[in-house]
A.B. asks: 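One structure, pasted below without further comment.
Naming convention: chains lettered A, B, ... in sequence-line order (proteins, then strands); numbering from 1 in each chain. All values below were derived from every heavy atom in this structure, side-chain atoms included, with hydrogens, water molecules and symmetry-related copies excluded.
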Protein chains: 2
Amino acid sequence: MKHRGKTNPPGRIKIMKSFSKLMEEKDFHSITTAEIAKNGEVTEGLIYKYFKDKKDLLYQVLNEHFMEFQTKIESRISYETTCVEQLEVIIFSSLESYAENRLFSKMLLLEVRTSPAFFNSAAYGMVKKYAATILEIIQKGIEQGELKDDTDPYLLRKVILGAIEHACLGEIIFGRELSIDQTSTGISDIIFNGVRT
Amino acid sequence: MKHRGKTNPPGRIKIMKSFSKLMEEKDFHSITTAEIAKNGEVTEGLIYKYFKDKKDLLYQVLNEHFMEFQTKIESRISYETTCVEQLEVIIFSSLESYAENRLFSKMLLLEVRTSPAFFNSAAYGMVKKYAATILEIIQKGIEQGELKDDTDPYLLRKVILGAIEHACLGEIIFGRELSIDQTSTGISDIIFNGVRT
DNA sequence: TTTTGTAAGTAAGTATCACTTACCTTGTGA
DNA sequence: TCACAAGGTAAGTGATACTTACTTACAAAA
C-alpha cells in the first residue's frame, strides 16, 4: 500500500514534524528511525508507508521548505526592475532564508549533496529552478548592458551561489550570528564592483 | 592497545589505500567496514586498532591529502609578489587540486562537513591554516592599497572560498569536465574587477 | 639465552540500525 | 452490508559499525 499524495494523513505530518525537530538538534545520520517514530508517536513501520527510505523523508521535508523559499524569491524579484537589483534581492533573500531557517540550510547545504539519490528528487528539481532563475537574470543583464558583456553567466552564477552558501556555513555549523544586511550588501559590492583599487 | 603514531605499519597503510580506492567509486556512507577490510586484505578488527571509527579513517586520509595541498600552495605563493597575484595563485591551485584529485575534493566538499567530529580533527586544523593564509594575504592587500580599503576581509575570503568550492561541485557530483585555466581567470576577474558595466 | 613487554593482527562475537512482512482497524461508497 | 482501500501496528530480519578476547612477532632488557 503506497501513499499517492492525494491526502495528507496525520501520521505523515507527525513523522515530518518529528524528523524536523530532531534535525534541528543533530545531523541526519545520527537520527534513528526508532527516534523519529517515538518522538512523533507513531510506529516505525509507518515511516515506510509514506517515505521510500530515511533519505526520502529528508528530501520531502526539504522540498516543502524549498517551495516556500522559491515562492518568496519570485514574488520579491517581481518588484525590482534592474537585473543587478534582482540579483541583490536573490542574494539577500537567500541569506535571509538560510539564516532564519537553520533546518532548511542544514539540509540543503550539508546533508543532501552526499548521496546521488538526491539528484533524482523533487527537491533537486526545485534547486534547478532556483538556479535557472538566477541564470536568466544574469543573461538578461548582459543583453541589456547592465553587466559586462564578456561575463561568463554560468561562472557568475557559481560565484554568487558559492558566496551565499559559504557565507552561511559558519552560522549553520557553529551557530555563529550572521548580519544579513551587512553580508548581503558586502557580497553584492564585491561581485558587482570588484575589490581591486 | 592503541596506535601511537610512531610507526606506520603495513596494515594501517593497506586500510587507508583500500578506503581511498573505494571512496573514488562511491560515497562514504555506502562503503562498509567489511568491504574496506576485504579489499585491503586485513581483518575488520584491525581498522579499529588504527582508527577510532570509520569517520576517523576518513579524516586521517583527508589530512594526508591536505598536507600535500598546503605545501604546494605555500610554495607557489612564495614566487608571487602582489597580493592579487597570490590570491590568483590560490584560486588556481585550489581548483587544480580539486579537479585533479577527485578523492580529495569529494571528502572535503561533500563528506566531512556533516558531522561535528570533523571540527575537532587534525584535517580541520589544516582547513583553518589554509583559510588563515588567505585572510593574511587579503589583509596585507588592503594595507598596501592593492585592495579597496572598505573591503571586509572575512567576507572577501568567504566569497573566494565559496566561488572555488561551488565551481568544483558540478565536477565532483556529476563528473563534468572543468577548465581550470578558464574558471580560475574567470573567478579572479569577477572578484577583482566586478561584473557591473 | 631467556624473559618480558608491546605492537601487529585475528576471529568471533554483539547491539543497533534501516527496512520488511503480515496483519489489524476504520471509514466510505456501491 | 459489505467490499475495499487507506491508515496504522507489531514483530520480525539481515546487515552494519564496532568490541572483546585472543594469538603471534619481535625487539630489548636481564
A.B. asks: Can A/K54 be said to sit on top of A/F28's aromatic six-ring, NZ or CZ under 6.0 Å from centre and within 45° of the ring axis?
C.D. replies: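 The answer is yes; both the distance and angle limits are met.
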A.B. asks: Looking only at side-chain atoms of A/K54, point me to the closest of C/dA18, C/dT10, D/dA17.
C.D. replies: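 Among C/dA18, C/dT10, D/dA17, the one nearest the side chain of A/K54 is C/dA18.
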A.B. asks: Using atom CD1 of B/I47 as one end and atom C1' of C/dA8 as the other, report the distance to the nearest whole Å.
C.D. replies: 15 Å
A.B. asks: Rounded to the Å, how far apart are A/L57 CG and C/dC17 P?
C.D. replies: 16 Å
A.B. asks: Considering only C/dA18, D/dG8, C/dG9, which nucleotide approaches the side chain of A/T33 most closely?
C.D. replies: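 Output: C/dA18.
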A.B. asks: Give the rounded distance in Å between these two atoms: CZ of A/F51 and C1' of C/dT20.
C.D. replies: 18 Å
A.B. asks: Among the nucleotides D/dT9, C/dA8, D/dG8, which one has an atom lying closest to any side-chain atom of B/P9?
C.D. replies: C/dA8
A.B. asks: Return the value, rounded to whole Å, for the distance between atom NZ of A/K38 and atom C1' of C/dT16.
C.D. replies: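 For the pair A/K38 NZ and C/dT16 C1', the rounded distance is 15 Å.
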A.B. asks: So what does A/T32 hit on the nucleic acid, given a heavy-atom distance under 4.0 Å: a base, only sugar-phosphate, or nothing?
C.D. replies: sugar-phosphate
A.B. asks: Nearest to the side chain of A/Y50, heavy atoms from C-beta on, is which of D/dA17, D/dG7, D/dT9?
C.D. replies: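 Side chain of A/Y50 sits closest to D/dG7.
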A.B. asks: Once you round it to whole Å, what is the distance between P of D/dA15 and CG of A/D53?
C.D. replies: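 Rounded to whole Å, this separation is 18 Å.
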A.B. asks: Check the angle between the aromatic planes of A/Y98 and A/F104 and answer parallel, tilted or perpendicular using the 30° and 60° thresholds.
C.D. replies: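 Rings of A/Y98 and A/F104: tilted, 30 to 60°.
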A.B. asks: Please report the distance, rounded to the nearest Å, between NE2 in A/H29 and P in C/dA18.
C.D. replies: 7 Å
A.B. asks: How would you label the contact of A/I36 with the nucleic acid (heavy atoms, under 4.0 Å): base, sugar-phosphate, or nothing?
C.D. replies: nothing
A.B. asks: Among C/dC19, D/dA10, C/dG9, which nucleotide sits nearest the side chain of A/T43?
C.D. replies: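 Nearest to the side chain of A/T43 among the choices is D/dA10.
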A.B. asks: Let me know the distance between OH of A/Y48 and P of D/dA10, rounded to the nearest Å.
C.D. replies: 17 Å
A.B. asks: Check this for me: does the side-chain of A/K49 come within 3.5 Å of the base of D/dG8 through a donor and an acceptor?
C.D. replies: yes
A.B. asks: For B/I15, which contact category applies under a 4.0 Å heavy-atom criterion: base, sugar-phosphate, or nothing?
C.D. replies: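 Since no nucleic acid heavy atom lies under 4.0 Å of B/I15, the category is nothing.
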A.B. asks: Any carboxylate oxygen within less than 4.0 angstrom of a Lys/Arg side-chain nitrogen, looking at A/E165 and A/R113?
C.D. replies: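 So A/E165 pairs with A/R113 through a salt bridge.
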A.B. asks: Could you say whether B/E44 or B/E41 is positioned toward the 5' end of DNA chain C, judged by the nucleotide with the nearest heavy atom to each?
C.D. replies: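 It is B/E41 whose nearest nucleotide is closer to the 5' end.
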A.B. asks: For a quick check of understanding: with a heavy-atom distance under 4.0 Å over all strands, which category does A/G45 fall into, base, sugar-phosphate or nothing?
C.D. replies: base
A.B. asks: Under 4.0 Å between a Lys/Arg side-chain N and an Asp/Glu carboxylate O for A/K72 and A/E96?
C.D. replies: yes
A.B. asks: A/D56 CG to C/dC19 C1': how many Å, rounded?
C.D. replies: 13 Å
A.B. asks: Evaluate the criterion salt bridge (Lys or Arg N to Asp or Glu O under 4.0 Å) for residue pair A/E35 and A/K26; output intermediate values, then yes/no.
C.D. replies: CA-CA 12 Å; A/E35 230 176 345; A/K26 43 175 135 179; 2.5 Å; yes
